[in-house]
2 protein chains.
Amino acid sequence: MREKITRQAILQVSEEIVNQEGYESLTLAKLAKVLKIKTPSLYNHISNLNDLRNELAVHALKQLSHQIMMSAVGKAGDVALKSIGLADIHFMSENPGLYDAMLRAPDPQNEEIEKISSEIISMLLRVLEPYHLSEEHAIHIIRGLRALSHGFNTLERRGGFNMNVPLEDSISVAFDTFIKGMITTLKK
Amino acid sequence: MREKITRQAILQVSEEIVNQEGYESLTLAKLAKVLKIKTPSLYNHISNLNDLRNELAVHALKQLSHQIMMSAVGKAGDVALKSIGLADIHFMSENPGLYDAMLRAPDPQNEEIEKISSEIISMLLRVLEPYHLSEEHAIHIIRGLRALSHGFNTLERRGGFNMNVPLEDSISVAFDTFIKGMITTLKK
DNA sequence: GTTGACAAACTAATAACATTAGTTTATATT
DNA sequence: AATATAAACTAATGTTATTAGTTTGTCAAC
């Protein structure tokens with residue numbers, strides 16, 4: 001019996017490669033080598049490299065979405081918001097390659113990607129409900145939170161800052177600051 | 001007389017390529033074609049592709065730094081902070097490829113990159129002086145602002161959100177929210 | 001059990017890329 | 001005018017992704 005090479009197995013190996021060696025290091029040659037087949041044989045399972053990259057992005061988004069949901073279960077308000085933000089950052093810390101795959105999907109308008117993204121957004125909208133923001137304002141806030149997460153991801157990757165001031169703390173303070181700003185604006 | 005191919009000319013053409021066709025499209029082959037020389041001749045001017053990418057990142061950072069400084073001249077406090085944030089976003093909007101080059105520098109710990117980065121940071125520290133934050137707190141705030149900028153850059157590139165709510169507005173609201181949060185925290 | 005179909009492997013070949021080595025040529029300096 | 005040097009060139013190599021065409025293994029129907 002041959003070794004079963006499934007779509008799942010391919011994604012699995014791809015995930016390991018990007019997380020361990022970086023997004024750029026995911027080549028069909030390397031992938032084939034790990035799977036112990038010749039490069040062109042991969043085309044029986046994927047349609048091309050970009051296709052694989054998109055699937056990897058979906059794969060990543062699914063995991064991230066799951067982790068985010070988990071982190072918010074049983075929490076509300078500020079606490080839930082901050083939890084979600086930290087979960088996002090934590091995910092990228094543990095899965096740098098996957099996070100990259102998400103941000104660098106060749107086709108970000110891909111149907112499946114959009115679907116999961118909007119799931120995440122509607123969950124965030126629910127968390128924001130107690131604040132009674134206008135729908136438009138809520139969207140602004142959600143985008144701000146996402147921007148903070150993605151931005152810290154970028155900063156972390158580039159590294160090289162003053163380590164007397166740990167990045168962890170900055171992340172925590174930044175979320176607190178943003179959330180406080182949101183609440184203060186409401187009370188006016 | 002031959003056409004003069006200077007380091008500056010190479011950076012110039014590289015900049016055009018990345019801004020018009022995307023960061024990935026900067027290849028030595030394409031660069032050589034535009035400059036009307038053969039690919040290997042480029043090695044008389046640069047040491048390799050990664051070297052060029054690093055230089056492009058420096059080039060980008062210099063421009064960004066300049067624009068940011070300009071935007072803050074004659075302004076103070078909240079107004080200055082928001083100006084700087086918007087200038088950052090504006091720069092990336094006008095120079096998507098260059099902004100990418102900045103974020104994807106092969107060697108982010110590069111000496112020159114660090115130098116310009118720390119210049120920007122010390123300028124931001126000066127802008128924050130009137131608030132009398134602790135040095136540590138100021139660093140957190142600066143990182144938060146940078147994260148917001150970089151994050152919105154990422155979001156803008158990926159596009160595909162509800163355009164009933166313009167991204168411009170979200171950016172503005174996010175900066176306001178963050179700055180308000182900072183001030184509120186102080187007053188306690 | 002043999003046959004036949006299909007999936008999934010293979011080999012061979014091509015085109016785009018970065019990079020190195022070795023050679024020629026043009027310009028500027030002595 | 002002679003020569004040194006910078007900067008172009010050609011030729012070659014190794015790594016990619018990708019396509020076409022072929023073989024082979026497995027499973028189901030007969």
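We name chains A, B, ... by the order of the sequence lines, and we start the count at 1 in each one.
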Verify, without hydrogens or angle tests, whether N19(A) (side chain) and G97(A) (backbone) share a donor-acceptor contact under 3.5 angstrom.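 Present.
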Spell out, as yes or no, whether a donor-acceptor pair under 3.5 Å connects the side chain of N153(B) to the backbone of S149(B).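 Checking the backbone N and O of S149(B) against the side chain of N153(B), no donor-acceptor pair under 3.5 Å is found.
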Have a look at F91(A) and tell me which of L98(A), I68(A), L86(A) forms a side-chain contact (heavy atoms from CB on, under 4.5 Å) with it.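 Of all the options given, the one that passes is L98(A).
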In whole angstrom, give the distance that lies between atom [atom1] of [X] and atom [atom2] of [N].
X	N	atom1	atom2	value
L31(A)	dA9(C)	CG	P	12 Å
I37(A)	dA17(D)	CD1	P	13 Å
K38(B)	dT25(C)	NZ	C1'	16 Å
I46(A)	dT19(D)	CD1	C1'	14 Å
L42(B)	dA21(C)	CG	P	17 Å
R7(B)	dA7(D)	CZ	P	11 Å
I5(A)	dA8(C)	CD1	P	10 Å
K36(A)	dC10(C)	NZ	C1'	18 Å

Does a nitrogen or oxygen in the side chain of H45(B) sit under 4.0 Å from OP1 or OP2 of dA8(D)?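 So the side chain of H45(B) is within the cut-off, an N or O lying under 4.0 Å from OP1 or OP2 of dA8(D).
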Ignoring backbone atoms, establish whether S41(B) has a side-chain N or O less than 4.0 Å from OP1 or OP2 of dC9(D).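 For S41(B), the contact criterion (side-chain N or O under 4.0 Å from OP1 or OP2 of dC9(D)) is met.
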Run the numbers on Y99(A) and H150(A) for ring pair (Phe, Tyr, Trp, His ring centres under 6.0 Å), then give the verdict. CA-CA 9 Å; Y99(A) 202 95; H150(A) 287 189; 5.8 Å; yes
Side chain to side chain, E15(A) and Q63(A), heavy atoms closer than 4.5 Å: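 Contact flag for E15(A)/Q63(A) side chains = yes.
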Heavy-atom check, side chain of M182(B) versus side chain of L128(B), under 4.5 Å: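 Yes, their side chains come closer than 4.5 Å.
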Between the opening five pairs and the closing five pairs of the helix from dG1(C)-dC30(D) to dT30(C)-dA1(D), how far apart are the helix axes, to 10°?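 The two end axes of the helix from dG1(C)-dC30(D) to dT30(C)-dA1(D) meet at 10°.
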For residues P108(A) and R158(B), report the shortest heavy-atom separation together with the two atoms involved.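 That would be CB-O, 3.8 Å.
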Reading nucleotides 13-19 of chain C 5' to 3', which nucleotides get B (base under 4.0 Å from a protein heavy atom), which S (sugar-phosphate only), which -? ----SSB
Considering only distance and modelled atom types, tabulate donor-acceptor pairs under 3.5 Å from the side chains of residues 28-45 of chain B, sequence neighbours left out.
unit_1, atom_1, unit_2, atom_2, d
K30(B), NZ, E21(B), OE1, 2.7
S41(B), OG, K38(B), O, 3.4
N44(B), ND2, S41(B), O, 3.4

Determine whether any donor atom in the side chain of N44(B) lies under 3.5 Å from an acceptor atom in the base of dA6(D), or the reverse, and answer yes or no.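 Counting by modelled atom types and ignoring angles, no donor-acceptor contact under 3.5 Å is found here.
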Measure up the F178(A) and F178(B) rings against each other and bin them: parallel (under 30°), tilted (30 to 60°), perpendicular (over 60°).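 Because their plane-to-plane angle lies in the 30° to 60° range, the rings of F178(A) and F178(B) count as tilted.
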